[in-house]
Structure formats: structure tokens, C-alpha cells
Q: 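Quick one: the structure is below, questions incoming.
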Amino acid sequence: METQLIHLVLVPILAGLLCLILPKIKFVKEFIAGVAAIWVLYMSVMIFKGGDFAVRLADFIISGMPLSLDLVGTPLSRMIILFIGIFGVLGTIYSWKFRAGEKGNHLYYAMMLFTLAVSDLAVLSDNLLFFVIFWELSTLFLYGLINCGHLNKKAAAAGSFRTFAILGFSEAALLLGVVIVWFQFGSLNISALSIPTVGSMGIVLYLLFFVAAIAKGGAMPLHAWVPASAEGAPTSIMGFLPASLDKLLGVYFLVKISLDLFIVNPGLQLMIMIVGAVTIIAAVMMALVQHDLKKLLAYHAVSQVGYMVLGVGTGSIIGIIGALFHMLNNAIYKAGLFYGAGIIEKRAGTTDLEKLGGLAKFMPLNFVAMMVFALAISGVPPLNGFASKWMIYQGCVEAGRPIMLIAAMVGSALTLASFIKVMYSVFFGRKPDAIDFEKKSSFSFGIPQVILAIACIALGVFSAWPVRAFFAPAIGADPNTLINGASWNSGLATGMIIIGLLLGIIIYLFGKGFKPRVAPTFYGGEQLPVEDIRVPGTGFYETIQKLPVLRTIYRDSEEGVWEPDFFVATIFNGIIVRGLKRMHTGVLSTYLSWCVIGLVALMFVLIV
Amino acid sequence: MNHILPLLVGIPLGMSVINLILSKASKRISDVIAPLAVLAVAVLSFYLLGTETTAYWMGGWYPPFGITLLYDGLTSLLLIVVNTVAFLAIFYSISYMEKYTSKPKFYSLFLLMLAGMNGVVITGDLFNMFVFLEIASIASYALVGFGVEHEELEASFKYLILGSFASTMILLGIALTYAMTGTVNMADAATMLQSIPASKTMAFAAGAFIMGFALKSGLVPFHAWLPDAHPSAPAPVSAMLSGVLIKAIGVYAMLRVIFNVLGPTAINLNIMVVLGALSMAVGGFLALGQNDMKRMLAYSSISQIGYIVMAFGLGTHLGFIAGLFHLFNHAAFKSLLFLSSGAIEHATGTKDLRRLGGLSGKLPVTTTTTIAGALSISGVPPFNGFFSKLLIIIACVSAGRWFLAALAATISVVTLIYFFKMMRFSLFGELPAKLQKIREVPFPMAFSLIALSVICLAVGIAYFVGPTFSELFLEPGANVLLDGLKNNAANYISSVLGG
């Protein structure tokens, strides 16, 4: 096991260093990164199959306190390792074409490989302090990777800064929590700890950890970095990190702290569920009105985390399994959607929905794949998104929270509505004349899309298999009672929905479906020739934006009022930093008077 | 062994005069003898490492009449820090100072400043400490204004006025102590003070001392001179000022006076905590708003000194270890960052972040060292800054000061943010058209940069790997402070007054 672990970590690090120092020869870095990622996947599979383990890599003493670097393989962590390996390979292969000919690829591939290594280490670390270190390192590389975006450098800089600020502060909270745990409970090993959340100490500690988990996953209210970085980051990175790896890490940590590290009380469970439900609805409402494909997808990425948080919050076995399953499903289709957006960006030159249209016949493969992903994310059976959402609904029922159930279902409907807009704007309608299609697609673009789309279908149709193989063992539940028992059965619902769809098709075929009415278009009394008319999809749902109460909320959220980090940044930057800067006028007499005031204050404290 | 002690002051002091005389014959000769003199002192300070606590009575005059020099755990750490950084800075100056006229005078002032700092560190006598402190300060006033441009002279003048205010207060404190005890020998004064009841006079003296040293260390609200003075000086001088001067004549002197003479009462320690926490926060936020690279570094010094002073003020063994470790580390990475910013300025002619960018392609060495320094100061493992900041946070938690722990953690993120801002603006991104023809810095500069980067990385790893580093450098110093805290400085007094 040690050899495999060492390979898992050292291979990507060494390969990354090699990418950094090798001279700039074509395809060398791509080749190295690909081989290393595949090797990591191979090792991940071995580790997953190899069973549980506990390895002590090193033993340190820091100022008299023992500190050991333990890597522990539990069913949960081994599963996450496997998923990281899979998305590592897909992300690397996709990047070959996406990043071809860009500057700074040595840094790009090196940081991707480092990210793989530190993510694996974070997941395997049993020691909280090392967990924090690797967790922070993954944020650093995320920052660097967002900055690799060359299309819109300003947006990349702003997005990476925001990412860094939000994740950085959440990690400071985490570090503080870890140090407090060390002193209150005398241990840093997750496996040795079980902290009750009664009394303010336990609750505050849980919140410190919770903040880090949801910030990494991108749930509200710490979500703002996902849409902010979507604007400037390379799309390949959006698919690789915020859409898949960061979700894996965030949800992994949330499950870990909620099941292993803390004993969560019912009040906290309710809070977690509220965070989840609010995230689902609020983020999807924001997604509805976006005009940029990448930003729209980013809001959906936030919304989907809500389901996972909600599932964990239910505290029931089926809910938590649903959350883990949804984590995998979301990573699959969200990575696919971002990769699809990247293909559109490369070949059409823009991701602005207003400037896109009619692409279905120019990129049929991408169209079909995107269709699968869109249906999957909207929870249409028999795709994977439905299976996991269904389990989360069941979890809500078991927890006795019908309101949460309704929120989750409404969120699902709105997601579908939003993707109708996407699919129409990008693939249907008339192609704008500004887009020309000379650039050919390529093998390395197609492979990840096909694999991900097949995975969406397979995991949906055979949804009992992943639950049995991965998720039930991950939290130590018996899969047989789950699948065969009364608690989970989506077969009936699937059947009903398929019957409904068939009925719809029949009604359509025998109705007026075949005979659309064609009529000329009038504009100001004049007839317009049909060729001139192109209806972009960006007009969809503008009415929602104009509804009385929502109007104000949407306007405020455009200005960032609903994002707490915006408030904090305003206070810090506008009031504290600028105020302090204004005080430093450079006038000597002012400075002298500060000294005198300080001296007087000191004397007052000391003498009186 | 203890006969070496006077040499630590004598060599730089003597060479600063000899250097001026010899430079009349040939200007090149200063380039050799000044760095060699500093190298000699640095070697001596390493040679002394690990020696027992030992005192040297100047001219055979026994205390309380003569001047006593003392070498203990705290001294050993400071001597190594000061002289190592000094050597690397002066070696760097060989090429960096080419563009200034009268380089020999620079060397003489530099040596004078070093003599003053070493003097403050090894002396066991309050008035003697004041004299050395003034030597170091006055030399640094001159060095800040060395470029004699408008901005530099203004900064130097401000520094001079505020610095003199501090010196006056320190002198006042010494005078009051003398009035109460009849002696200026630190150990002797400490014994006297322990035998007489606490008085308002001594409280006043304590206030004067603390204010004076707080100003010299750049603690808020006495910090205003620092962001002007440190960026205006030539880069090697900035490195010395931010890296070691504020520690030797500020933090170290404050520790000596509080822990060995006045006694670390709860109120004194709490004042250190409050001043430290305030500086940490204010300095950090101000650094966030800067666009001038060196100014940002100067504000960050205020913030980092805050960390150090706060850790000492916790009054626990772990706090002392954390404070000393951060002091050591800050000397390494802050001088590295100032020297790197000097290298960038040397190559590009500007230090305005808005006019820089894309240097990573053109200046590989400087880029690497800047990244090393920035990662160290922002606390990224495995660099040294990570461990000392972590220790400070742990020390706060173990002392039950939750709020301080949270503040320290928050400010560490702020630090991370502004150093990433600095790196992104200067090293990455688009190379401005004006900077297409820049070249990497010459060997002496590159050597110092690389050496300091290696120190930053090696110290982090050394601390992590085993207890040797801590036992060799940090524990002896922490024991000196513990002696002052728990033992009424009995060990200190007995080793100074000796036999």
C-alpha cells in the first residue's frame, strides 16, 4: 500500500516539476501531464480496490507536541480518491486541445498535477493540521490556475482575487478551529475525535469547520467566487476544479465533519438544510437571468451544491448517500457542461448567449452530449441526476421536512427551465452571421464529452450499482436494505414519468405537431423577410426579472448586495483601509501628536 | 571565549573609521574590507553559538562600576540574525550601491550602524545601551537620506525627529531608573528595584521606556516614520532597517528592559499584547492598500513586528518560542523581500506595481527569490513563516486568548492576499513595452538573494524535521525570558554580577 500511496503523490509532483523545468518543446508537457494523470488514476483504482489501510508516513514533534502524518484509507476517502483520479485524467485530456498554443502551459499543467497530489493528500490525511495544509495548497493552485485565463485577463485577476479572499478567510476559520480542537480535545486525528455539538464551544467549532466546507463546495452564502472566476478562468479549469474537484473536496469534508468528527445536533441539522435549500433556489434564480453561458453554468454549480448540503443536513442514511451520489453525478455533468461550453468558446469564439445560436448542426456530438448533461442536471429520468435527487427527496421525507422537499423540487423545475434557455440559445434558432466554422473539433475534445455523457446515462439507468459499490459502503450502510427495502425505489417514478413522456409524444403527433402555422412577421406595419429574423434566447424569463418583489432583489444582487463577502470587502476596503490611508497624511506634526497621545495613554494605564 | 565579545562591536566600529581613511587611497578597497569586516563578525557570532551564558567586564572593572557585556541565549540568537543579514546586505551592496556616489561613506555608515546594533545586543548596562542605540539610530538617519533626493531627505527628517523623541524618552527612563536605584547596570538596577516597593516614578519610567522602544520597533501608534523611512532608503539599508534594526534596538531592547530590569508584570505584558495586536491589524490593512512595492513591505513589517511583540506579551513558554522564531524568520524573509524589490528596481527602474508585470520571463533569479520570500511571509508551508505563524496562533489558543488567535489567523489571510497581489502585479501578467530590454541582476546581488531564500526554506524544513533547530536557537532565548518571568531574572543577575 505504501508504494501505491507514494506513487499517487510523488508521480504528479515530480511530473509537475518536470513540466516546469523542461524546455519549451511542443507536446512534451501535454504528454507528461497525460501520462502522470493516467498513472495517478491507475494508482487510485488500486487503492480503491485494496481495502482500508492506515499508514504513518512521518512522525514529528513540534514544540513538544507530537504530530504524525497519518494517511488513512476509509471506504469514503478511497472512493473520493478514485473520483479525483478520473476527473484528473479527463481534465488533462480535455486541456490538450483547449490549451493548445497558449502561453504559460508549463505552469498550467504543473499546477494541475500539483492540485491532484494535494487533493489526494487532503482526502487521505487523518491529521487535521496536515489536512488544512493540503487544503490550503489546493486553494493556492486554484488561484494560479484561474490566473492562467488569457481571454479576459481583468476578469481572471478579479475572479482569482475573490476566490482567494473567500477561500482564504474560510481557511483561516478552519485553521483556528483545528488549533482549538487540538487544545480542547488533545488530538488532531479525525479518527480519534468525536465532538459533541452541545454548548457554545462545540457549535462554534462545528461552524468554523462548516464554513470551510461550504466555501470550498461553493454553497451560499460563500458562493460568490464561483461565478466571479467563471468569467475569466480558462473554461477547462472551471470544469476541472470548481465543477468537479472542489465539489468532491467540499462535500467530502462536509460529510466527514458531520458524520465522523462531530455529533451534529438537530438544530444544526436544520441550519444545514436551510443553507442547502436557500442555495438551491437562490442560485437557480440567478442562473435563470444570466446572459453568459459560463456564468450561467457557474450559478448552476452553486445551486447543485445546495442539494448535496441539503442531503447531508437531513441526517438520514438515504439523504447522505443521495448527497454523495449527487456529488459524483454533479461532477460528471457539470464538468461535461463546462467542457461543452469550452468547445463552444473555442469554436464559436464567444460564450455570450446573445451571440450564439443554431450550433446543433455544426457540432452534433457536442449537442447530443450537452443535451444529456442538461437533462441530467435538471433531474429528468432515467439520467443520473434524477436518481440522486430522488434519494435526497426521500431523505427530506424521512427527516420530516416537507418544505425542504418542495424547495428541492422547485429548484429542479427551475433548472430545467434554465437549460431550455441554454439549449435554445446555443443550439437552436438561426446561426448569427458573425460566427464562422472553419476550426475543426478534435479527438481530445470529444473523448471526455463522450465518456461523461455515457456515465450520465449509465449511472442513471443502473443506479443501484454505484450505490451498492460506492456510496453505501462509504458511510457503512447496508446496501441491500436500502435498495430492496421500502426506503428507496425510483423505478415506479421512472416508469410513471416515461409513460407521461410517451403520452405527451402521442398527443403531439396526433395533434397539430405536424402542421405548424407559418405566417409572415409584421414589424411596424412592414413585412420582414424571414431570413432577417433571429430570436436570441436571452429574452427568456425577462418577465420574472420584472416581477414586483423579484425586481428589487435582482437589481440588488447585480450590485452584489446579497453576497456577504461584498459587504465585508466594502467595509474593509472602503472604510478601514481607505480610512487608515487617509489618516497617513505625511504631516510630521500629526505623526508627532500620535506619539504624544500614545505616550499619554501608556502613562495613564501604567500610573493610574 | 568571552574575550570575543568586545570584538563584535570593536571590529565594525574600528573598520568604519579605517575604511574612510583607506578609501582616500583607493575607492575599490572599501568593496573588499567592509564586507570582510562584516563577514568576520558574522563568523564570530556563529563561533559563539552554544557557549554558556558568560559575562565580560570591560577593563576589569567589576559591576556595578564598569561596563558589563553579557552573552546569553537571547543575545546569541540576535547576534546571528543581525550579523548574517548584515553580511548578505553588504555583499549585495557591492553592486547595488554602484549608482550612488561616495560608496565608501555608505560602507562606513553601515558598519557604524552594525556596531551600534551589536552593542545594544551584548551590553549589560542601561546607559551603554542608550549610547549604542544612538549610534545605530544616527547612522540609520543618515543612511535613509543617503540618496539626497527630495523624498529621501524628507523621510530621513521625519525619522530623525520621531526617533529623537523616542531616544529622549528612553534617556528619561534611564535617568529615572538611576534616580531610584543609583545605578545604570541592568542587573544591579534589577536587584535594587526588587527590594524597593513599586513607585509611580518607576511606573513613569516604564512608560517612557516602552514608548521609546515601541517607536524604535515601529509599533502602532508610534509607527508613522517607518513607511516613509524604510522605502526611501537604498534597498540593502531597507533590508537592514526592516529586517534587523527594528528588532535589535526595538523589540530586543524592550524585552531586555521589561524582562530583566523592570520585571514582566501583568500590565507590562498586556501593553505588549495590545500594541502588538493593534500593529498587526493596522499594518496589515494598510499594506493591503499600497501600490508601491517597498511601501507595502514597510507596512507589512509593522504588521509582522506586531505578531512578534504580541507573542512575547502572552507571557508563556510557547509564546516566547513563537515570538523568537517569528523574529528570526521575519529577519530572513523581510530582508529577502526588500533586497528582491531592490533587484526589481535595479533592473526596471521602478517600484510602482502598476508599472511592472511579466518579470518572470526576464528575471528568473529575482522572480524565484521574490516568490520564496512572499510565500514565506504569507505562511505557505514548507517555508519558515508558516511554522512561526502557526506557533503564534497555537500560543494564543493555549494561553486562552481566543480573540487574539482569531485576529492572528485573519491577518495572516490579509498578508496572504497582499503578497499575492504583489506577486501578480510584478512577476506575472504582461511585460510592459518599456521593460523589454531588462537584464538579470549581477552576481553579488543574486548571491545574497539566493542565500536568503535558501535560509527561508531550510529553516522551515529544519524546524519541521527535528528539535535540533529549536534547541540550538530558540530554547536558550526562551529560557532567558522565562528566567525573567518566573525567577525575577535571578540567573541573569547572577551571571552579570558574577564573581
Side-chain angles (χ1 to χ4, degrees), chain A residues 58 60-65 67 104 107 129-130 133-134 136-137 140 143-144 147 153 157 160-161 164-165 168-176 179-180 182-184 572-573 576-581 583-584 586 588 590-592 594-608, chain B residues 154 157-158 161-162 165-166 169 200 203-204 206-208 210-211 214-215 220-222 224-225 227-228 267-268 271 282 285-286 288-290 318 321-322 380-381 386-387 390-391 393-394 396-398 402 405-406 409-410 412-414 416-417 420-421 424 428-430 463-467 470:
Chain A
F60 306 105
I61 292 181
I62 285 194
S63 290
M65 285 176 285
L67 198 60
L107 265 176
L129 191 65
F130 286 101
I133 293 176
F134 298 129
E136 285 185 358
L137 284 176
L140 283 187
Y143 174 88
N147 263 320
K153 280 192 180 168
S160 64
F161 181 78
F164 206 54
F169 275 101
S170 77
E171 275 147 24
L174 178 62
L175 183 63
L176 191 64
V179 172
I180 295 175
W182 197 359
F183 273 86
Q184 287 304 109
F572 272 64
N573 210 13
I576 299 182
V577 174
R578 254 186 239 152
L580 282 172
K581 267 181 95 175
M583 280 166 71
H584 289 70
L588 186 54
T590 320
Y591 291 171
L592 259 177
W594 292 355
C595 293
V596 174
I597 293 168
L599 180 64
V600 171
L602 267 183
M603 291 301 180
F604 183 80
V605 172
L606 279 166
I607 295 173
V608 181
Chain B
E154 189 192 326
F157 182 70
K158 273 184 210 163
I161 298 292
L162 292 172
F165 183 29
M169 294 313 290
K200 296 223 161 162
F204 190 87
I210 293 176
M211 184 268 163
L215 193 141
V220 175
F222 312 110
W225 57 275
D228 283 332
I267 192 162
N268 287 346
I271 288 176
V282 171
F285 286 125
L286 278 163
L288 200 55
Q290 303 304 318
L318 196 58
I321 295 272
V380 176
F386 171 76
F387 297 103
L390 184 66
L391 271 188
I393 296 174
I394 293 175
C396 289
V397 172
S398 71
W402 308 99
T410 311
S412 76
V413 181
V414 173
L416 201 63
I417 290 176
F420 271 72
K421 173 181 166 184
R424 199 185 63 225
F428 302 108
E430 205 85 28
Y463 183 77
F464 193 59
V465 172
S470 186

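Below, chains carry the letters A, B, ... as their sequence lines are ordered, and counting in each starts from 1. Just the heavy atoms: all of them, side chains too, but no hydrogens, waters or symmetry mates, feed the values below. A quick note: this is a predicted structure, and the numbers were derived from the prediction, not measured.
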Q: For the residue pair A/M603 and B/A208, what are the closest heavy atoms and their distance?
A: CE-N, 3.4 Å
Q: What residues, two or more places apart in sequence or in another chain, satisfy side-chain contact (heavy atoms from CB on, under 4.5 Å) together with A/L592?
A: B/I161, B/L162, B/F165
Q: In terms of heavy-atom pairs under 4.5 Å with chain B, which of A/A601, A/G598, A/C595 leads?
A: A/C595
Q: Check whether A/L137 gets within reach of chain B through its side chain, its backbone, both or neither, counting any heavy atom under 4.5 Å.
A: side chain
Q: How far apart are the closest heavy atoms of B/V413 and A/A172, and which atoms are they?
A: CG2-CB, 3.3 Å
Q: Is it the side chain or the backbone of A/T590 that comes within 4.5 Å of chain B heavy atoms, both, or neither?
A: neither
Q: By a 4.5 Å heavy-atom criterion (distance strictly below it), what part of A/I576 contacts chain B: side chain, backbone, both, or neither?
A: side chain
Q: Given a strict heavy-atom distance threshold of 4.5 Å, which part of B/I271 is in contact with chain A: side chain, backbone, both, or neither?
A: side chain
Q: Provide the closest heavy-atom pair for B/M169 versus A/L599 in the form atom of the first, atom of the second, distance.
A: CE-CD2, 3.4 Å
Q: Any idea which of A/V596, A/N147, A/I180, A/I597 has the most non-hydrogen atom pairs under 4.5 angstrom with chain B?
A: A/I180
Q: What pair of heavy atoms forms the shortest contact from A/H584 to B/L286, and how long is it?
A: CE1-CD1, 3.4 Å
Q: Could you list the residues that satisfy side-chain contact (heavy atoms from CB on, under 4.5 Å) with B/S412, not counting sequence neighbours?
A: B/Y307, B/K389
Q: Pick from B/A405, B/S398, B/A406: which one has the most heavy-atom pairs with chain A under 4.5 Å?
A: B/S398
Q: For the pair B/F204 and A/L606, evaluate side-chain contact (heavy atoms from CB on, under 4.5 Å) and give the outcome as yes or no after the intermediate values.
A: CA-CA 7 Å; B/F204 190 87; A/L606 279 166; over 6 Å; no
Q: Side-chain contact, heavy-atom cut-off 4.5 Å: B/V220 with A/W594?
A: no
Q: Report which part of B/I267 has an atom under 4.5 Å of a heavy atom belonging to chain A: side chain, backbone, both, or neither.
A: side chain
Q: Quick check on the interface: out of B/F386, B/W402, B/F157, who has the most heavy-atom pairs with chain A under 4.5 Å?
A: B/W402
Q: So which of B/L288, B/V282, B/I417, B/N268 has the biggest tally of heavy-atom pairs under 4.5 Å with chain A?
A: B/I417
Q: Identify which of A/V179, A/L140, A/V605 forms the greatest number of heavy-atom pairs closer than 4.5 Å to chain B.
A: A/V179
Q: Does a sphere of radius 6.0 Å around CZ in B/F420 hold more than 12 heavy atoms from other residues, nucleotides or ligands, not counting ones at 6.0 Å or beyond?
A: yes
Q: Given that the side chain runs from C-beta out, which part of A/I607 has a heavy atom under 4.5 Å from chain B: side chain, backbone, both or neither?
A: both
Q: Is there side-chain contact between B/D228 and A/Y591, with at least one heavy-atom pair below 4.5 Å?
A: yes
Q: Quick check for you: among B/A224, B/A203, B/A322, B/P227, which has the greatest number of heavy-atom pairs under 4.5 Å with chain A?
A: B/A224
